[in-house]
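Structure first, then comments.
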Number of protein chains: 2
Amino acid sequence: MIIIDISIMSINGAAMSDGEQEFLEGYDPKAFDRPSVAVDLVLMSVHERTLHALLVRRDEQPAKGKWALPGGFVRIDEELDAAAKRILKEKAHLQSAYLEQLYSFGAIGRDPRMRVISVSYFALLPEEKFAQALRSDALTLAKITTAWTGESGGPAEASTETEGRLSLAFDHADILGLAVKRLRGKLDYSDIAFELLPKQFALRELQDVHEAILGVSFNKPAFRRRMLDKGNLNPTGHREEGVTFRPAELYRFSRKGNIHG
Amino acid sequence: MIIIDISIMSINGAAMSDGEQEFLEGYDPKAFDRPSVAVDLVLMSVHERTLHALLVRRDEQPAKGKWALPGGFVRIDEELDAAAKRILKEKAHLQSAYLEQLYSFGAIGRDPRMRVISVSYFALLPEEKFAQALRSDALTLAKITTAWTGESGGPAEASTETEGRLSLAFDHADILGLAVKRLRGKLDYSDIAFELLPKQFALRELQDVHEAILGVSFNKPAFRRRMLDKGNLNPTGHREEGVTFRPAELYRFSRKGNIHG
DNA sequence: GCAATAGTGTCTGTCAGACAATATAGG
DNA sequence: CCTATATTGTCTGACAGACACTATTGC
């Protein structure tokens, strides 16, 4: 048995009006009992031409020893986005990242402790920032694969060189799968690809990002044209360094576009 | 006190390890103060070539007298989707509808009573079903407009013939706006347009739905070709009735497509 | 026949894919 | 010059928009 003191349920609110009090008393007590709300982050980047995510090893029950998405409970006086940012700092040691709310997972048995509703976020990072996050021992960089392609959806698998396929905690394989689906879906009509690249990048790097995420390969001249015709890539005049062949021009993304006149 | 038998916690999955069991017995739920979790529904349809939504007049504080999205609290032993379906039945008197989770809103002061995190859903109905929902006096059919078009986003406005522009409760104008944005975004790559039409419909009706939602008008032959070329519309052999001009062929949507050989 | 809308055929501009050709770095 | 990759140019096929044309219903 678990014994829960219901008195904790009313500490948080402002004073209630009479009408409200009456309204609440007419309810089934189970309707008034509250779930916990958590935030889980899917931190993704492209590394070695493959989609990767950051996972944390659980050192507490439940699912102790398994790999999980970095997450934590939302505080009673904390906005959802603020909770996501806090977890980004606390668990991944990152000051900032592109963050976007993904989906809320609320299946009854997803956490064996109690009813937990998890608001998931997906986060995108340029590869350079992964190193910073990986200073923590508890974190690993896992390769992400899906059995499906394109629209369909479903869970994703995570694996590392040393451990092979990882067993993920809770319903985190589903969350990961949805994050991949969303990423694939938004890639070509939004600007999120640039969140995965450094400030300056070669067009080939941009193409690698697209190919890694969508799992397809593109015709190079057509891809170049398609990207440049959008009018939001500006050549910097700088070139790649340290390559043994012709160095590529580096471009910079600018949100504004080139519409003037 | 509420006493919960922990046996209900294990319906979901594999048996728990010894360590997990031990952990659960020592777990103190008081450690976290919890927000309330609610579900709000954006019930939409196309009526008289315009996007409309179902709103309910609040007869309780807070925001008494204002119009709001039909909603309610999620019960502690209820899945999120199940809560959405329950509210669909209780508040809109509808047995079924296309339902899809939209976004979770958790701003601190969005509900003056207490911290409420609202998981919003958007629902699509064929116009015929609106009549059924409107049997309740508390409900109204409001015309939805947005100051923005296309991708940008922002709040939406609701209005009726009798009351003009409505003042919506809480952050419901934002939720409505996001629902419209999602609907516009998914319209041409998904099958959701057919959720807004009866089983059999004329191509002109399908075009009306697209035009009402996107706020643009299409070239008729091009629209026809685009829809028919997808291969998931089957002519029924039946025709429109009660029109004073040439009656249109009625089509039926089939998810499978025509891929055979 | 007339009005009104359904449905078809054809031209054309846009754009992505294929592929060949040229450019430039290190050696 | 050779290798490897960047970058450009040209052809072509798919497809949406424009628009003129034909078809069918009630009156």
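Chain letters run A, B, ... following the sequence lines, proteins first, then strands; residues in each count from 1. Quick caveat: nothing in here was measured; it's all calculated off a predicted structure.
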Can you tell whether the side chains of [X] and [Y] come within less than 4.0 Å, N to carboxylate O?
X        : Y        : value
A:Glu240 : A:Arg204 : no
A:Arg182 : A:Glu100 : yes
B:Glu205 : B:Arg49  : no

Any base atoms under 4.0 Å from A:Ala222, or only sugar-phosphate, or nothing? Heavy atoms, all strands. base
Of all the choices, [options], which nucleotide is nearest to the side chain of [X] once you look at every atom?
X        : options               : value
B:Arg239 : D:dG17, C:dG7, D:dC19 : C:dG7
A:Phe245 : D:dT7, C:dA25, D:dA18 : C:dA25
A:Arg226 : C:dA16, D:dT8, C:dC19 : C:dA16

[N] [atom2] sits how many Å from [X] [atom1], rounded?
X        : N      : atom1 : atom2 : answer
A:Arg225 : D:dC11 : CZ    : C1'   : 11 Å
B:Arg204 : C:dT5  : CZ    : C1'   : 10 Å
B:Asp229 : C:dT8  : CG    : C1'   : 13 Å
B:Leu228 : D:dA16 : CG    : P     : 12 Å
B:Lys230 : D:dA14 : NZ    : C1'   : 16 Å
A:Arg224 : C:dC15 : CZ    : C1'   : 17 Å
B:Glu240 : D:dT25 : CD    : P     : 12 Å
A:Glu249 : C:dT24 : CD    : P     : 13 Å

Give a yes or no on whether the backbone of A:Ser96 and the side-chain of A:Lys129 come within a donor-acceptor separation of less than 3.5 Å.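 Confirmed, A:Lys129 side chain pairs with A:Ser96 backbone.
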Is NZ or CZ of B:Arg165 both nearer than 6.0 Å to the six-membered ring centre of B:Trp67 and within 45° of the ring axis? no
Under 4.0 Å: is that the gap between some side-chain N or O of B:Lys220 and OP1 or OP2 of C:dA6?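 True: B:Lys220 side-chain N/O within range (under 4.0 Å) of C:dA6 OP1/OP2.
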Is there a donor and acceptor pair closer than 3.5 Å between the side chain of A:Arg246 and the base of C:dA23? yes
